[in-house]
Number of protein chains: 2
Amino acid sequence: MPKADDPNQTTPKPGQRKAGAATKTPTRTEMVHEALRQAIIEQQLSPGARLPEDMIGDSFGTSRTIAREALLRLSVEGLVDLRPNRGAFVANPTLDEGRDIFVVRRGLERMVVLQLAGQLNADQIAELQRMLDHEEMTGARDEREAIRLAGEFHLRLAEMTGNKLLVHYLRETVSRCSLVLTIYGRPHSVDCGIDEHRQIIEALIAGQGDQAADLMEHHIEQVAGRALLETRKPRSVQEVLSSYATRIAQD
Amino acid sequence: MPKADDPNQTTPKPGQRKAGAATKTPTRTEMVHEALRQAIIEQQLSPGARLPEDMIGDSFGTSRTIAREALLRLSVEGLVDLRPNRGAFVANPTLDEGRDIFVVRRGLERMVVLQLAGQLNADQIAELQRMLDHEEMTGARDEREAIRLAGEFHLRLAEMTGNKLLVHYLRETVSRCSLVLTIYGRPHSVDCGIDEHRQIIEALIAGQGDQAADLMEHHIEQVAGRALLETRKPRSVQEVLSSYATRIAQD
DNA sequence: CAAAAAAAGATCGCATGCAATCTTGACATG
DNA sequence: CATGTCAAGATTGCATGCGATCTTTTTTTG
């Protein structure tokens, strides 16, 4: 859990932006936003947990204003549930919602590969190959890192389309998928098969868009299937009840 | 332009929620957010226009806090451009970005019809038919209303999938498309052909998903094509320059 | 007179305060 | 002893204030 007792509490000097001219002012809100985002998708904050503004402000050494803004952003991304006059909670999607999220992801990834088929240049191909090699090496060693790298592969692919909105939506959806997997996923499932990634790249290079699309849809289906359908892993009582609680509170 | 000189400026009583128990507390932020959203997609606020927090607060009789939150939400939706330390502007996407938006919309709409093919029940079919009739009647009379109804048709279709995330993304993308059309669209193009809508419904009822998907993609392509490719309508000098100005300011 | 420097004005980033609302626990009542 | 009522505590919704930053205008200087 991120905890930074910032000393500028008494002397707030928000404008300390001189060193790296290239970096475009990471405002405090963005920092808190990103930190919370990471904490959630890395399972440091479990679904359903309360996120009081005061607590977040104290943790990061800022005021509630910042926390509030970060929470608002996260709620738009679907990682946080914002209940009026009640407060913020780490999102706790139902199994059905989880399936819906994967449906959307499948469609978005399909768009990506259809756009990319036969359009990749040599540099891009080289970069993707490098990422796959890196993935493969890390795979057996560090599981959490492997998951992160797999997600980044999908995102990098999307970025190569040059379609900002597509990247934006895919990034959000991948985050949501991470959250869903922390709730319903089995603990030791390496989510992305690297072979499948390689096959997709092959099809993209060959310019076989439909083939790549089918492979990608199958690939996402695999991930979703392994996590959501096959094994209904026994959840803790707390998780089950909190899920029911949210359903009640919504009426 | 929405302007409501709220008299509770001096005596702010935000909790006036008793009449309709069914309505779930439309908080001030949400109201301002929705009002601005409408103003933008209905062309009451032209792309590139400045949106100072103070001005918005004054217009709605609230503080900057509310305006700020609404602007943040709108920026996530892509209707507002938020430049750090500079302020908010009505989004002014480039032609390329506009095309990207339509690409995403095409993909999302494809997902919708694939989900829906052969799944519609009698009530849903009846409702859709009713909407189409209504569209057809309004068509010639009130152009702006016709455009709104056409958009609602697409959205209602999405809602019938029951996929919250899909609805969310499609709603955002439709809004963005409206904005793009206000910039690059020809003035008197009725964007959605009602016949095309009817054909799609027919295919959905018949359970021909691929057929419906093709029709839908073609339909969106039509709209995008009419607006973005065919006629490069001469834009006002102000619009052209403001677009250049933003490009310069970003470096 | 043009260009740079400085001052003034406008607007944002953020912190903080107060009232409204929700939650929790004490107390009364059948 | 269970249940309903109410007061205390916690937390949010919103407004406002101050310093920082960006923009524009004015002044200075070559």
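All chains are named by letter (A, B, ...) in the order of the sequence lines, taking the proteins before the strands, and each is independently numbered beginning at 1. What you see below is based on every heavy atom in this structure, not just the backbone, and it leaves out hydrogens, waters and symmetry mates. Quantities reported herein were computed from a predicted structural model and do not represent experimental measurements.
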Would you say the side-chain atoms of A/Q115 pair up with the backbone N or O of A/V112, donor to acceptor, closer than 3.5 Å?
no
Verify, without hydrogens or angle tests, whether A/N163 (side chain) and B/D100 (backbone) share a donor-acceptor contact under 3.5 angstrom.
yes
Compare side-chain N and O positions of A/T65 against OP1 and OP2 of C/dC14 and report whether any pair is under 4.0 Å apart.
no
dist B/L179:CG -> B/Y184:OH (nearest 0.5 Å) comes out at 9.0 Å
Whole angstrom value for the distance that separates P of C/dG13 from CE of A/M31
16 Å
The helix from C/dC1-D/dG30 to C/dG30-D/dC1: angle between end helix axes, five pairs per end, rounded to 10 degrees:
0°
Taking B/L157's backbone N and O only, do any of them form a donor-acceptor pair with B/T161's side chain (distance below 3.5 Å, no angle check)?
no
In this structure, how many angstroms lie between the C1' atom of D/dT16 and the CD1 atom of B/I66, rounded?
13 Å
Output for pair (B/E42 CD, B/T182 OG1), nearest 0.5 Å, gives 11.5 Å
Separation of D/dC14 P from B/F60 CZ (nearest whole Å)
14 Å
Contact under 4.0 Å: B/T29 side-chain N or O vs D/dC14 OP1/OP2
yes
With the criterion being N/O to N/O and under 3.5 Å, what pairs connect the protein with nucleotides 9-12 of chain D, and how long is each?
unit_1	atom_1	unit_2	atom_2	d
D/dT12	OP1	A/E53	N	3.2
D/dT12	OP2	A/E53	N	3.4

Here the distance between atom C1' of C/dT11 and atom CD1 of B/I56, to the nearest Å, is 12 Å
Could you point out which residue of A/E172, A/K164, A/R171 forms a side chain to side chain contact (heavy atoms under 4.5 Å, CB included) with A/H168?
A/E172
So, B/R68 and A/E69, do they make that salt bridge, N to O below 4.0 Å?
yes
Just the rounded figure in Å: distance from P of D/dC14 to NE2 of B/H33.
14 Å
Charged N-O contact under 4.0 Å between A/R148 and A/E145:
yes
